[in-house]
Amino acid sequence: MEVLKIATAGSVDDGKSTLIGRLLYDTRSIAQDRLEAIDSASQRKGLGFMDLSLLTDGLIAEREQGITIDVAHIYFSTPTRKYIIADTPGHVEYTRNMITGASNAAVSIVLVDARNGVVEQTRRHLYIAYLLQMKEVIVSINKMDLVDFEQEAYERIRQEVSQLAIQLKMEKVTLHFIPMAAKDGDNVVTPSDRMPWYNGPTLLDVLESLEPRKGKGELPTRFPVQYVVRPQQDAYHDFRGYAGKISSGKWSVGDEVVVLPSLKSAAIGAIYKGETVVSSAFAGESVTLTLTEDVDVSRGNMLVKKGECPFPQTNQITARIAWLDESSMQEGKTFLLQHGAQTIKVKVLSIQEILDIQTFLPAPDKKSFKLNDIGTIQLKSAKPFFPDAYDVNPANGAFILIDEYSNNTVAVGFVGKV
Amino acid sequence: MNQTRIFPRALEEEAIYILREVAAQFERPALLFSGGKDSITLVHLARKAFFPASIPFPLLHVDTGHNFKETIDFRDWLVDQTGARLIVRYVQDSIDQGKAKEETGKFASRNMLQTVTLLDAIEEFKFDACIGGARRDEEKARAKERIFSVRDEFGGWDSKRQRPELFDMLNGRIHVGENVRVFPISNWTELDVWNYIREENLALPSLYFSHERNIIERDGFYWPHSSFLQTTPDEIPFQATVRFRTVGDMTCTAAVLSHADNVDDIISEILEATISERGARMDDKRSEAAMEKRKQVGYF
């Protein structure tokens, strides 16, 4: 069975948690005791209905303030596949959590309040979907009950969002628009009979029809060496295995391998999946490889396929970054960059631009990154590392920056020109 | 669909990746082993991750003294089978040292006291990473937990200061004295674990399968009768056919009436169940935020 990861995003009070609650409720994914707990909590709050948002707003502070602060993970399954929802906060100061949730998702659901239309957060969420190169974005136009289920409200928002998508150059993204009243379940799992003018699919229909693997095409083989397996037992005395998760491409026994950065070559002797020996393995699989030649390989090295030139190897990149930390960042700062299984020291050579979060155009007066800023920088590394451009091969094109003193993850980066 | 292979394999790939990251990024990791199905699953994943080498970190069992005998027998058998190194530390020792105070009364449990013993063990062995079998679907504070969860010197978890986890990149850098809790099966549900157990033919303690047992009924739940459980005169033990959905202490794990004596029947039972897995755990029922409050003071 395959897994589809979804990220949800919306402004405060767009009804995101309610929508997820509804999705779980209508797919019968909530156990009876949890439903009863929610029902009694709703009554305690004096609500006349079962408040399904109480399912996911799990932290004390969230229940106090009635908003979602952190990323919550929610699970449900249909006969088609298992779904993992990363429910992320809508409030601007928690945008970093939204990026976090979205980075692990194949599809994003953006909520828009039918009464308010496109707001700053909608722009931001769409921009993040674009930044992460998500292929599918579902725009849920919610609270249609509060605009009398009028088609004009839906069409107006649909136009606005489509315009915005053109402005953000989101040509590669498929947008799906669905009018909803999540509180009552209209067009979440069951088609609404209150919007006869809408003949399109429900939210669950759209999710079930997605094919996240489609269109990935043939990508070059990338294998960051995570761990060297060296058993001390007699039975495997000379065994040296290179463990890792294949980022992209495919390995078969006998394939010719080039080790980066040493450029030494060898062939694949065996591929282990646990105790089982297999003849080939694909992107996403955690395997252990053995090589026919005794070459020096350690954690952080990258194995690529001979002939798949050019090999990714650089010590200077341009990258788009999202700044995720409370501290600010100026030119000249040094960080640790983590990419694949490698952590290396880098210096920010220059800040090329920082975007205005309203317009997504460069803001010439901004010289330093602050929490939730997005922009472009140039980095130089102390040692070579092995990224592809994010546009070409996302699985090998993203990195994080770590502050050497606080140890915090302060930025996520998307490699531009290598 | 092929009914025999329904476990989402992407979850196994992810868990193995996480376990290897732990072995590579930390100097002294340990796997927290409770004898429950989730930690048994972790041990199996760790064997796969490092094969043909043995598991490169010890198993740490925090023994409350209120265990089911079946759990301890199984633990010792598994250690023997895998050649893993086992470290046991006892809640009773923490009580004897005056560091932990036994709860009293009808709902007395040593669940909270485990934290004291765990933090002492972390300090004693200087563990910098503790791998646990917690899953995000178990409870709503856990739903917000990271894969690498940084804890301060007192084991504390601060939900507002969690590190963002982007893509599959895990940042395990910590200051001296801090440690990281690692949750490789975060994204698995109870059903995923059972499907995995079935497809991988994992052995489990007999407690998970239906058996005859002396129980008492309290607040609609069935509790195993034992010398650890304080009962009132009207709570009269009786024999019933039961099994356990989770295996914790004898004082805080309720049984369910069940005739499911094999994994297939258990899976069918879960699919039909109307009570969630932790619904039978008294430790979560103390208040709506019981789990979050325990995590703030160093619980798993």
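To find a chain, count down the sequence lines: A is the first, B the second, and so on, and within it residues start at 1.
A 6.0 Å sphere centred on CD of B:Glu27 holds no more than 12 heavy atoms belonging to other residues, nucleotides or ligands.
For A:Ser77, no part lies under 4.5 angstrom from a heavy atom of chain B. In this structure, chain B has a heavy atom under 4.5 Å from the side chain of A:Ile84, while its backbone stays farther away. With a 4.5 Å cut-off on non-hydrogen atoms, B:Ala23 touches chain A through its backbone and its side chain both. Using a 4.5 Å cut-off between heavy atoms, B:Arg20 touches chain A through backbone and side chain atoms alike. With a 4.5 angstrom heavy-atom cutoff, A:Ile99 touches chain B via backbone and side-chain atoms both. Neither the backbone nor the side chain of A:Val410 comes within contact range of chain B; no heavy atoms are under 4.5 Å apart. Heavy atoms of B:Glu12 lying under 4.5 Å from chain A are absent altogether.
Ring-plane geometry between B:Phe50 and A:Tyr227 is classed as perpendicular, the angle between the planes exceeding 60 degrees on a 0 to 90 degree scale with a lower cut at 30.
Rounding to the nearest 0.5 angstrom, the gap separating the OG atom in B:Ser186 from the OH atom in A:Tyr75 is 6.5 Å. How far CG of B:Asn171 is from OG1 of A:Thr343: 8.0 Å, rounded to the nearest 0.5 Å. The distance from the OG1 atom of A:Thr100 to the CZ atom of B:Phe167 is 10.0 Å, given to the nearest 0.5 Å. Rounding to the nearest 0.5 Å gives a distance of 4.5 Å between CG of A:Leu336 and CZ of B:Arg173. Between B:Glu14 atom CD and A:Ser286 atom OG the span is 9.5 Å, to the nearest 0.5 Å.
Salt bridge A:Glu2/B:Arg5: absent, no basic N to carboxylate O contact under 4.0 Å.
Remark: the backbone N or O of A:Tyr405 is paired with a side-chain donor or acceptor of B:His175 at under 3.5 angstrom. Side-chain atoms of B:Arg163 come within 3.5 Å of backbone N or O of A:Asn407 as a donor-acceptor pair. The backbone N or O of B:Leu170 sits less than 3.5 Å from a side-chain atom of A:Gln338, completing a donor-acceptor pair. No donor-acceptor distance shorter than 3.5 angstrom exists from the side chain of A:Glu275 to the backbone of B:Lys48, with no hydrogens or angles considered. Not a single donor-acceptor pair under 3.5 Å links the side chain of A:Asn97 to the backbone N or O of B:Pro164.
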Chi angles and distances behind the side chain to side chain contact (heavy atoms under 4.5 Å, CB included) call for A:Lys5, B:Asn187
CA-CA 11 Å; A:Lys5 295 187 177 179; B:Asn187 286 325; 4.1 Å; yes
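Using a 4.5 Å heavy-atom threshold, the side chains of B:Leu11 and A:Lys82 count as touching.
Contact count versus chain A (heavy atoms, under 4.5 Å) is highest, among B:Leu166, B:Asp192, B:Ile174, for B:Leu166. Of the listed residues (A:Arg230, A:Glu326, A:His339, A:Lys273), the one with the most heavy-atom contacts under 4.5 Å to chain B is A:Lys273.
By the ring pair (Phe, Tyr, Trp, His ring centres under 6.0 Å) test, B:Phe26 pairs with B:Phe148, sequence neighbours left out.
Identified under the salt bridge (charged side-chain N to carboxylate O under 4.0 Å, His left out) test for residues 235-245 of chain A, with sequence neighbours left out: A:Lys245-B:Asp168.
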